[in-house]
Amino acid sequence: MVIKMQIEVKEVRHDAPVFLMLCGELDSFLNVAIGGEEKREKYKKFNHTDTMDFVAVAYEGGEPAGCGALRKYSEKEVEIKRVFVREKYRGKNVGGMILEKLLEQAQQTGFERMILETGAFLGASIKLYRRYGFERIENYGAYKDMPESICMGREIGADAIIYCVGKRMEADELKELYESVGWKSGKYADRLLCSFEKAGMVMSAWQGSKLAGLVEVLDDGGVTAYVHYLLVNPFYQGKGIGARLMEAVKEQYRDYLYIVLSCEQKGVIPFYEGLGFSVIEGSTPMQINRL
């Protein structure tokens, strides 16, 4: 039996030994990735740990797995700093859970926008930020004349939609979402939450504390991914949430041979066709329904 470890993200002080240790590992990683510490010299002054206003560390089974921090940039903007995941924990969405903690903190503190700087050579980091709604922006501040830097940003105000992979949903939130679209399975929200633990991918969309939509995918580990649920509360429909969730699915399963789904309403077929799906001619969806 495989025991699935749980990731827990906690706030720590900027001078906590665990954060300083992880920052040291991050610097060593960047030195190798960029081709030498001397090439990174100009960045060091922007990463002093004592300038961080909020620090989060992710743990798996009590062992530190990664970190991230926030630093106030202006009255309305906050900057993401020092995001790092140790090699043995990569591929477990640790970076996503750290980022979700930073997004939550930034919103609660009242900031309206998040910005960050990363390197053009950090492809995995760029994909992570894009998955959470960050887009490339003009290089800001000290990074204006650094062509190897990529700056990104996104709005996080009260009306912003935040996409999360690791965020825990409560049964009543899930029940409300499913019932908003008339799905009977909402009556079994506790079962749904348990099933999500075993799913290949669950991504949710939030506006503040409100669950606006989600997608759940089941997969076999390499060949076929099946989009089991895609639903958006009618109040939030028309904002591109469903399309954004499906684009994340396509990115997550880009190396699979098949991404399949069952479309129960013919009127929704054009939506999926616009995302690259096609009708399987001659096929008939079948099920055993116990609802």
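Quick caveat: nothing in here was measured; it's all calculated off a predicted structure. For the numbers below, each heavy atom of this structure counts, side chains included, while hydrogens, waters and symmetry mates do not.
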Point-to-point distance, once rounded to the nearest 0.5 Å, from [atom1] of [X] to [atom2] of [Y]:
X	Y	atom1	atom2	answer
Ile241	Tyr163	CD1	OH	5.0 Å
Lys210	Glu176	NZ	CD	3.0 Å
Glu104	Ser209	CD	OG	10.5 Å
Gln207	Ile162	CD	CD1	9.5 Å
Asp50	Arg13	CG	CZ	11.5 Å
Arg244	Arg131	CZ	CZ	10.5 Å

**OP:** Go through the steps for Glu216 and Val202 under the test side chain to side chain contact (heavy atoms under 4.5 Å, CB included), then give the verdict.
**Re:** CA-CA 4 Å; Glu216 181 204 18; Val202 177; 3.9 Å; yes
**OP:** Evaluate side chain to side chain contact (heavy atoms under 4.5 Å, CB included) for Leu22 paired with Val18, printing each intermediate quantity in order.
**Re:** CA-CA 6 Å; Leu22 290 169; Val18 64; 4.3 Å; yes
Subject >> Basic-acidic side-chain contact under 4.0 Å: Arg82, Asp27 >> reply: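 Yes.
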Subject >> Electrostatic pair Lys92-Glu60, nearest N-O below 4.0 angstrom >> reply: yes
**OP:** Check step by step if side chain to side chain contact (heavy atoms under 4.5 Å, CB included) holds for Leu70 and Asp53.
**Re:** CA-CA 6 Å; Leu70 295 175; Asp53 298 305; 5.5 Å; no
Just list the side-chain donor-acceptor pairs under 3.5 Å for residues 281-289, sequence neighbours left out, or say none.
residue	atom	partner	partner atom	Å
Ser283	OG	Ile280	O	2.8
Asn289	OD1	Leu291	N	2.9

**OP:** Might you work through the side chain to side chain contact (heavy atoms under 4.5 Å, CB included) test for Thr224 and Leu257, ending with a clear yes or no?
**Re:** CA-CA 6 Å; Thr224 303; Leu257 301 182; over 6 Å; no
**OP:** Check whether any side-chain N or O of Lys250 sits under 3.5 Å from a backbone N or O of Leu275 as a donor-acceptor pair, and report yes or no.
**Re:** yes
Subject >> Main-chain N/O of Glu170 paired with Glu173 side-chain donor or acceptor, under 3.5 Å >> reply: yes
If you count the non-hydrogen atoms of other residues, nucleotides and ligands that lie under 6.0 Å from [atom1] in [X], is the total more than 12?
X	atom1	result
Lys239	NZ	no
Phe235	CZ	no
Arg191	CZ	no
Lys144	NZ	yes

Original post:
Do Tyr188 and Tyr178 have their ring centres less than 6.0 Å from each other?
Top reply: no
**OP:** Output, in order, the C-alpha distance, side-chain angles, deciding distance and verdict of salt bridge (Lys or Arg N to Asp or Glu O under 4.0 Å) for Lys175 and Asp190.
**Re:** CA-CA 9 Å; Lys175 182 175 184 292; Asp190 289 327; over 6 Å; no
Original post:
Would you call the rings of Tyr143 and Tyr140 parallel, tilted or perpendicular, where under 30° means parallel and over 60° means perpendicular?
Top reply: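 Judged by the thresholds at 30° and 60°, the geometry between Tyr143 and Tyr140 is perpendicular.
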Original post:
If we only count heavy atoms from C-beta on, is the Ile259 to Val227 side-chain gap below 4.5 Å?
Top reply: yes
